[in-house]
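Working notes for the structure below.
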Amino acid sequence: MPDSSEVKTQFIHKKGDYRFRDLVLSLSKNIENNISYKIIAHNKSFTPLSIYSLSGKKYLQNFIFDLANISDDYLISTTLAFHKENPFVPISYNFNSYNEGVFNTRESESILWGFKYRRFFNDKYTISYRNSNQISNLSNRFNISEPNMSNVWNSFDNMNFTIWNIVNSNYRLSEKIDLTFDFISKNEFSSYENYLSTFNLDKLDYEQKKFHYSFGLESSTFNVGFNLNSFNYRDANFDYNEIYANPFFSFKVLDKKNMYLNFNHRTDDISLNFAYDSIYQDSSFEIPRYLMTKSEVEFLTGDNSFKIRFNSSYISSKNIFSKDKLYKDYLYSHLNLVFNSNYMKFILGFTLYDKLNDEENLVDLQFLKYYLNYNLTYEIPFKTKEYSIVLNVNGRKSMFSDKSFNLNTLPMINSNSIDASDSMHFMDFSGALKFDNFQISYHNITNSGKRFLFDSGLSDLGESFTLPKYSILGNEFFVFHYLKVSWTFLD
């Protein structure tokens with residue numbers, strides 16, 4: 001870490017196929033009186049298709065500024081972030097009935113800002129307050145490549161403005177027990193407008209409010225309490241209000257050296273995006289906000305070199321504003337393995353979703369069958385050299401089932417009846433030359449040797465993300481390449 005007079009700078013640059021360019025610059029410094037700041041700038045370019053006048057230069061930009069002041073008694077920090085996405089880079093590519101190339105482009109801008117304040121009054125009482133705000137605008141446009149024109153049909157606009165206020169407090173009742181109180185308020189304002197003439201809904205403006213109160217007792221072996229939640233939804237035709245109170249508890253059944261076993265029970269609320277293309281402003285209109293009750297067993301064992309974590313949960317769901325529909329229960333299971341030695345590190349994670357009831361009259365909220373992720377790193381050091389060679393393979397595989405994953409609809413996960421399944425297996429093979437503050441690596445990305453495509457009906461991705469093709473022993477392989485340079489230095 002640099003001292004108060006030094007600036008820490010980081011430079012990360014990636015250069016690859018199809019004019020792919022990814023650049024990150026960061027700057028941080030510790031100033032006097034415990035004040036520090038950080039600035040991050042990110043720029044990405046990518047042109048995957050040869051379309052007239054198409055250029056992917058600077059299609060994605062992100063900027064972050066963070067300022068913090070930390071002392072023994074308090075912490076105060078503020079953050080400002082800006083995101084911009086260029087309007088004319090294809091996010092999907094297909095062909096229409098006239099054999100013309102058609103593609104969608106997305107323009108978005110988002111600003112996030114907020115601050116955090118934490119105060120330690122004494123050994124017994126701590127309170128923190130966080131405020132976070134986000135305003136975003138998204139425009140999705142349907143284009144025909146041959147005449148190079150934009151078509152308002154199949155296009156939509158979406159605006160969101162969200163405000164969070166969060167209070168966390170902790171009071172020590174005794175040496176072993178703390179009294180906790182949390183408060184969260186969330187206000188969301190959203191506007192959606194589409195241009196497809198066959199849609200029954202041309203525009204929807206709505207507001208959602210949530211107030212959450214949590215009271216509990218916490219110790220090293222248990223955590224018990226209850227949550228009180230108030231929800232409100234309002235648009236031009238509806239004004240819904242609901243209040244729910246739910247208990248939560250967590251008990252450490254086993255707590256020995258390098259091993260523990262927990263049992264947890266809680267209820268969380270989730271809000272999914274509207275299926276705007278199927279909304280009808282009548283009595284059948286349903287707001288996609290749900291309560292999910294989870295009963296979980298969690299097990300952990302291991303040490304610094306090897307760890308195993310396993311948890312399994314029974315999850316049931318219901319709609320907050322609608323009592324008519326019933327939803328399928330499912331069993332969520334997750335396994336995580338970590339092995340760490342002097343020169344090798346291996347991480348494996350596997351998540352499985354099992355439906356426990358399959359009646360046709362029940363609604364299925366689940367869209368994944370399973371999710372697999374892994375990372376294997378091996379470092380080869382040289383005793384007389386200042387550098388080492390690092391070999392790495394990492395990947396993640398997702399199996400989608402009975403729902404479509406679309407880039408040009410809201411929500412992106414569409415629950416239309418689809419009796420099909422397909423997987424996406426992202427793999428990255430890389431080799432690197434590593435110094436203390438400098439690293440250069442070469443990466444090879446593929447979808448198990450295939451293109452990044454889903455079966456028909458499961459996605460509108462089309463041919464947008466093609467990869468360079470190679471023939472090896474009569475078999476075709478599709479692999480994307482890029483070179484990455486990372487440099488960290490002190491001024």
Side-chain angles (χ1 to χ4, degrees), residues 132-136 138 156 158-166 182-194 200-201 203-214 226-248 265-295 313-330 332 353 355 357 361-368 402-406 409-416:
S132 182
N133 310 269
Q134 179 178 2
I135 184 168
S136 60
L138 183 148
F156 65 85
N158 183 225
M159 186 280 293
N160 273 88
F161 179 41
T162 308
I163 304 172
W164 291 270
N165 289 287
I166 303 173
D182 300 319
F183 167 76
I184 300 174
S185 72
K186 179 183 178 182
N187 285 26
E188 180 184 2
F189 309 87
S190 186
S191 174
Y192 175 88
E193 186 176 25
N194 72 70
N200 288 16
L201 177 67
K203 187 172 183 179
L204 173 67
D205 296 312
Y206 69 88
E207 176 184 0
Q208 286 195 96
K209 294 182 179 180
K210 170 193 170 182
F211 296 96
H212 168 87
Y213 306 86
S214 178
F226 71 93
N227 296 322
L228 179 64
N229 296 283
S230 171
F231 303 97
N232 171 258
Y233 171 88
R234 184 191 311 171
D235 63 24
N237 299 307
F238 297 98
D239 190 349
Y240 290 148
N241 292 278
E242 290 292 341
I243 297 177
Y244 283 92
N246 301 101
F248 66 86
H265 178 85
R266 68 180 186 272
T267 299
D268 299 320
D269 67 280
I270 64 169
S271 181
L272 303 181
N273 285 327
F274 287 96
Y276 293 101
D277 60 347
S278 61
I279 291 178
Y280 300 90
Q281 296 286 1
D282 55 25
S283 58
S284 64
F285 175 63
E286 182 178 285
I287 303 161
R289 193 170 189 108
Y290 306 94
L291 288 175
M292 306 189 74
T293 301
K294 176 185 291 188
S295 299
S313 309
Y314 174 86
I315 298 179
S316 60
S317 309
K318 65 179 179 180
N319 189 288
I320 293 175
F321 299 108
S322 174
K323 310 299 188 296
D324 298 331
K325 285 188 177 180
L326 300 177
Y327 300 87
K328 296 179 181 179
D329 299 337
Y330 63 93
Y332 166 91
Y353 301 83
K355 286 181 277 191
N357 35 31
N361 62 324
L362 300 180
V363 179
D364 188 8
L365 294 177
Q366 163 199 345
F367 66 90
L368 277 176
D402 303 331
K403 286 181 172 62
S404 60
F405 180 80
N406 295 324
T409 65
L410 290 179
M412 293 179 67
I413 305 297
N414 197 316
S415 59
N416 293 338

Looking at side-chain heavy atoms only, is the closest gap between [X] and [Y] below 4.5 Å?
{"X": "Lys210", "Y": "Asp269", "value": "yes"}
{"X": "Thr293", "Y": "Ile315", "value": "no"}
{"X": "Tyr290", "Y": "Lys318", "value": "no"}
{"X": "Glu193", "Y": "Met159", "value": "no"}
{"X": "Asn357", "Y": "Leu362", "value": "yes"}
{"X": "Met292", "Y": "Thr267", "value": "no"}

Give a yes or no answer on whether the side chain of [X] reaches the backbone of [Y] with a donor-acceptor pair at less than 3.5 Å.
{"X": "Tyr244", "Y": "Ile320", "answer": "yes"}
{"X": "Asn232", "Y": "Tyr240", "answer": "yes"}
{"X": "Asp182", "Y": "Ser214", "answer": "no"}
{"X": "Asn158", "Y": "Ser191", "answer": "yes"}

Exercise. Have Asn227 and Asn246 got a donor and an acceptor in their side chains that come within less than 3.5 Å?
Worked result: no
For this session: Assess the side chains of Asn160 and Glu188: does a donor N or O sit below 3.5 Å from an acceptor N or O?
Result: yes
What's the separation between atom [atom1] in [X] and atom [atom2] in [Y], rounded to the nearest 0.5 Å?
{"X": "Glu242", "Y": "Ser230", "atom1": "CD", "atom2": "OG", "value": "9.5 Å"}
{"X": "Ser185", "Y": "His212", "atom1": "OG", "atom2": "NE2", "value": "11.5 Å"}
{"X": "Ile166", "Y": "Trp164", "atom1": "CD1", "atom2": "CH2", "value": "8.5 Å"}
{"X": "Phe321", "Y": "Phe231", "atom1": "CZ", "atom2": "CZ", "value": "7.0 Å"}

Exercise. Would you call the rings of Phe183 and Phe211 parallel, tilted or perpendicular if under 30° counts as parallel and over 60° as perpendicular?
Worked result: parallel
For this session: Indicate the ring-plane relationship of Phe189 and Phe161, choosing parallel, tilted or perpendicular according to the 30° and 60° boundaries.
Result: parallel
For this session: Walk me through it: do Ile184 and Asn165 pass the test side chain to side chain contact (heavy atoms under 4.5 Å, CB included)?
Result: CA-CA 6 Å; Ile184 300 174; Asn165 289 287; over 6 Å; no
If you look at every heavy atom in [X] and [Y], which pair is closest and at what distance?
{"X": "Tyr206", "Y": "Asp235", "answer": "CB-CB, 3.9 Å"}
{"X": "Ser316", "Y": "Asp329", "answer": "CB-OD1, 3.2 Å"}
{"X": "His265", "Y": "Ser295", "answer": "ND1-OG, 2.9 Å"}

For this session: Compute the ring centroids of Tyr233 and Phe238, then answer whether they are less than 6.0 Å apart.
Result: no
Exercise. Quick check, are the ring centers of Phe156 and Tyr192 under 6.0 angstrom apart?
Worked result: yes
Exercise. Is the cationic atom of Lys294 (NZ for Lys, CZ for Arg) positioned less than 6.0 Å from the six-membered ring centroid of Tyr332 and within 45 degrees of its normal?
Worked result: yes
Problem set entry | Set of residues satisfying salt bridge (Lys or Arg N to Asp or Glu O under 4.0 Å) with respect to Lys186, sequence neighbours excluded | none
